[in-house]
Amino acid sequence: MLHPYERNMRMVVQRVSRAKATVEGRVTGEIGAGLMILLGVGKEDTSAVAAAMAEKASNLRIFEDEQGR
């Protein structure tokens, strides 16, 4: 069995000042400043892979602390 990160799923996390998603010219989602996650899913990916990716994203050390660092 493959480790969850050896599957096809890929994730890119990007800090944005604003972002929006459009489908057929219609805005389906929009945010102000925050994080945007682009996610690519392959046919062989499982819910275990998705759970591992979500866990990894939630533990990234990219948020400011109390001192603004």
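Since the structure is predicted, the reported quantities are computational estimates derived from the model, not experimental observations.
The cluster map of Ile, Leu, Val, Met, Phe, Trp and Tyr, joined by side-chain heavy atoms under 4.5 Å apart, puts Leu38 and Val41 in different clusters. No single ILVMFWY cluster, assembled from side-chain heavy atoms under 4.5 Å apart, contains both Val13 and Val16.
Atoms CD1 and CG, on Ile37 and Leu60 in that order, are 8.0 Å from each other to the nearest 0.5 Å. Between the NZ atom of Lys43 and the CG atom of Asp45 there is a distance of 12.0 Å, given to the nearest 0.5 Å. One distance of note links CZ of Arg15 with CG of Leu35; it measures 6.5 Å at 0.5 Å rounding. Between the CD1 atom in Ile31 and the CZ atom in Arg18 there is a gap of 11.5 Å [rounded to 0.5 Å].
Remark: the backbone N or O of Val23 is not paired with any side-chain donor or acceptor of Thr28 at under 3.5 angstrom.
With contacts defined as side-chain heavy-atom distances shorter than 4.5 Å, the pair Met9/Leu39 qualifies.
Minimum heavy-atom separation, Met11 to Met53: CE-O, 3.7 Å.
Within 6.0 Å of CD in Gln67 there are more than 12 heavy atoms belonging to other residues, nucleotides or ligands.
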